[in-house]
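Just so we're clear, the structure is a prediction, and the values are computed from it rather than from any experiment.
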Amino acid sequence: MGRTSDNSNGGASAGAQGTRRQRRRRRLRKWLLWLPAIAIVFSILQVASLRFINPPFSSFMLIRTLGAWVSGDTGFRIAYDWRPLAKISPSLPVAVMASEDQKFAEHDGFDFDAIQAAERYNARMKARAEARGRPVTKVRGASTISQQTAKNLFLWQGDNMLLRWGRKGLEVWYTFLMEHLLPKERILELYVNIAEFGDGVYGAQAASRSFFGVDASRLSSAQAARLAAVLPSPRRFSAAHPSAYVLRRANAIQRQMGNLGGVDALQDVEDASH
């Protein structure tokens with residue numbers, strides 16, 4: 001009789017444990033099903049909040065700081081000082097448009113003509129490098145200002161193929177959200193405030209002070225062009241001590257600024273914001 005009772009109690013206990021495991025699995029599956037919806041809502045709130053809130057930092061700033069600390073440079077600090085677009089020399093937003101995205105006021109976040117042109121150029125460079133038995137050294141990108149803002153604010157850098165494609169997918173999503181939830185002027189304001197213009201130097205005000213000793217509102221056209229000229233590789237090139245390449249690029253940017261109509265190009269951005 002005692003053994004029968006023990007066996008019955010053991011069977012009931014095992015059954016109860018099995019039921020609890022099933023409930024946990026069901027709860028876990030329920031949460032997993034909800035995760036995509038939660039992520040979508042969270043990302044929408046992230047972007048929508050930027051309409052009213054100036055970001056205290058960006059993903060790139062955080063990653064750069066953590067990287068420095070991990071490498072032992074615990075004294076590393078970023079230079080970042082937010083400025084409204086109205087308190088930044090209009091030459092700078094025009095310069096970054098001339099350098100990075102001349103159709104910024106026209107597209108909805110993606111410049112498909114530039115993407116196709118970049119693909120053709122990169123294919124030629126790859127074929128030429130393979131014919132010479134050398135690695136590809138020149139690659140052209142086609143990211144718009146909206147895409148770069150999305151990446152800098154929310155994502156990461158890196159060459160790992162899997163992470164790169166994952167980042168690209170998220171970049172498309174965040175770019176779509178920014179273009180539909182924020183005015184063009186706000187996107188441009190975000191970009192000139194969070195773009196890295198030197199190692200650990202982010203935004204117009206920090207760059208103006210660090211490299212030229214002036215307030216962002218007093219940047220000249222030539223200085224703005226030099227800042228825009230280093231954007232592809234701000235840790236490699238210097239706006240304060242420009243190489244011959246940076247000077248040539250800055251001169252070309254100034255010519256393109258004129259082709260865009262100078263500071264009048266900002267009127268097109270304002271019109272696109274309404």
Query raised in the report: Are R218 and S208 close enough, and set up right, to give a side chain to side chain contact (heavy atoms under 4.5 Å, CB included), and what steps lead you there?
Result: CA-CA 9 Å; R218 300 185 63 187; S208 300; over 6 Å; no
Report task. Tell me, with the steps shown, if D113 and K103 meet salt bridge (Lys or Arg N to Asp or Glu O under 4.0 Å). Result -> CA-CA 10 Å; D113 291 337; K103 295 183 179 180; 3.3 Å; yes
Requested in this report: Verify side-chain hydrogen bond (donor to acceptor under 3.5 Å, both in side chains) between D101 and H107, making sure each step is shown before the conclusion.
Outcome: CA-CA 10 Å; D101 186 0; H107 61 63; 2.8 Å; yes
Requested in this report: Could you please spell out the steps behind the side chain to side chain contact (heavy atoms under 4.5 Å, CB included) verdict for L170 and W156?
Outcome: CA-CA 10 Å; L170 289 171; W156 62 89; 3.9 Å; yes
Requested in this report: Could you walk me through whether L66 and F76 pass the side chain to side chain contact (heavy atoms under 4.5 Å, CB included) test, one step at a time?
Outcome: CA-CA 9 Å; L66 292 176; F76 177 84; over 6 Å; no
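Not one N or O on the side chain of E196 forms a donor-acceptor pair closer than 3.5 Å with the backbone of P234. A donor-acceptor pair under 3.5 Å links the side-chain atoms of R186 to the main chain of L50, judged by distance alone. Although no hydrogens or angles enter the test, the distance criterion places no donor-acceptor pair under 3.5 Å between the side chain of S99 and the main chain of A95. Looking at Q223, its side chain does come within 3.5 Å of a backbone N or O of S220 through a donor-acceptor pair. Between the S273 side chain and the E185 main chain, a donor and an acceptor come within less than 3.5 Å of each other. Formation of a donor-acceptor pair under 3.5 Å by the S146 side chain with backbone atoms of G109 is not found in this model.
Linking ILVMFWY residues whenever their side-chain heavy atoms come closer than 4.5 Å, directly or via other members, places I63 and Y191 in the same cluster. In the hydrophobic clustering of ILVMFWY residues, with side-chain heavy atoms under 4.5 Å counting as a link, I40 and M178 come out together. No path of Ile, Leu, Val, Met, Phe, Trp and Tyr side chains, each step under 4.5 Å between heavy atoms, connects V230 with V192, placing them in separate hydrophobic clusters. Cluster membership check: L181 shares its hydrophobic cluster with L155, using side-chain heavy-atom separations under 4.5 Å among Ile, Leu, Val, Met, Phe, Trp and Tyr. Following chains of ILVMFWY side-chain contacts shorter than 4.5 Å, one cannot reach F110 starting from F154, and the two form parts of different hydrophobic clusters.
Residue P242 comes nearest to L247 through the heavy atom pair CG-CD2, 3.6 Å, listed as atom of the first residue, atom of the second, then distance. Residues F211 and G198 share a closest heavy-atom pair of CZ-CA, 3.9 Å. Nearest heavy-atom pair, R51 versus P183, reported as atom, atom and distance to 0.1 Å: NH1-CD, 3.6 Å. For the pair M97 and L266, the tightest heavy-atom approach, listed with the atom from each and the gap, is SD-CD2, 4.3 Å. Nearest heavy-atom pair, A195 versus L231, reported as atom, atom and distance to 0.1 Å: CB-CD2, 4.0 Å. The two residues D111 and T144 come nearest to each other via the heavy atoms N-CG2, 3.5 Å.
Counting only heavy atoms from C-beta outward, the side chains of V96 and F104 never approach each other to under 4.5 Å. At a threshold of 4.5 Å between non-hydrogen side-chain atoms, the residues D199 and R64 count as touching. Counting only heavy atoms from C-beta outward, the side chains of K151 and Q148 never approach each other to under 4.5 Å. A 4.5 Å side-chain heavy-atom check between R226 and F197 finds every atom pair outside the cut-off. A 4.5 Å side-chain heavy-atom check between M61 and I194 finds at least one atom pair inside the cut-off.
Checked options L188, T149, I88; the residue passing with N193 is I88 (criterion: side chain to side chain contact (heavy atoms under 4.5 Å, CB included)).
Interatomic distance, OG1 of T65 versus CG of D73, reported as 10.0 Å (0.5 Å rounding). Taking CD1 from I38 and CG from L33, the interatomic distance works out to 10.5 Å, rounded to the nearest 0.5 Å. Within the model, atoms CZ of F42 and CD of Q46 stand 4.0 Å from one another, a figure rounded to the nearest 0.5 Å.
Salt bridge E179/K184: present, at least one basic N to carboxylate O contact under 4.0 Å. Using a cut-off of 4.0 Å between Lys/Arg side-chain N and Asp/Glu carboxylate O, R249 and E100 are scored as salt-bridged.
Looking only at atom types and distance, the side chain of S217 has no donor-acceptor partner in the side chain of R83 under 3.5 Å away.
Remark: R235 CZ is packed, more than 12 non-hydrogen atoms of other residues, nucleotides or ligands lying under 6.0 Å away.
In summary, the aromatic rings of Y80 and F57 are positioned with their centroids too far apart to meet the 6.0 Å limit.
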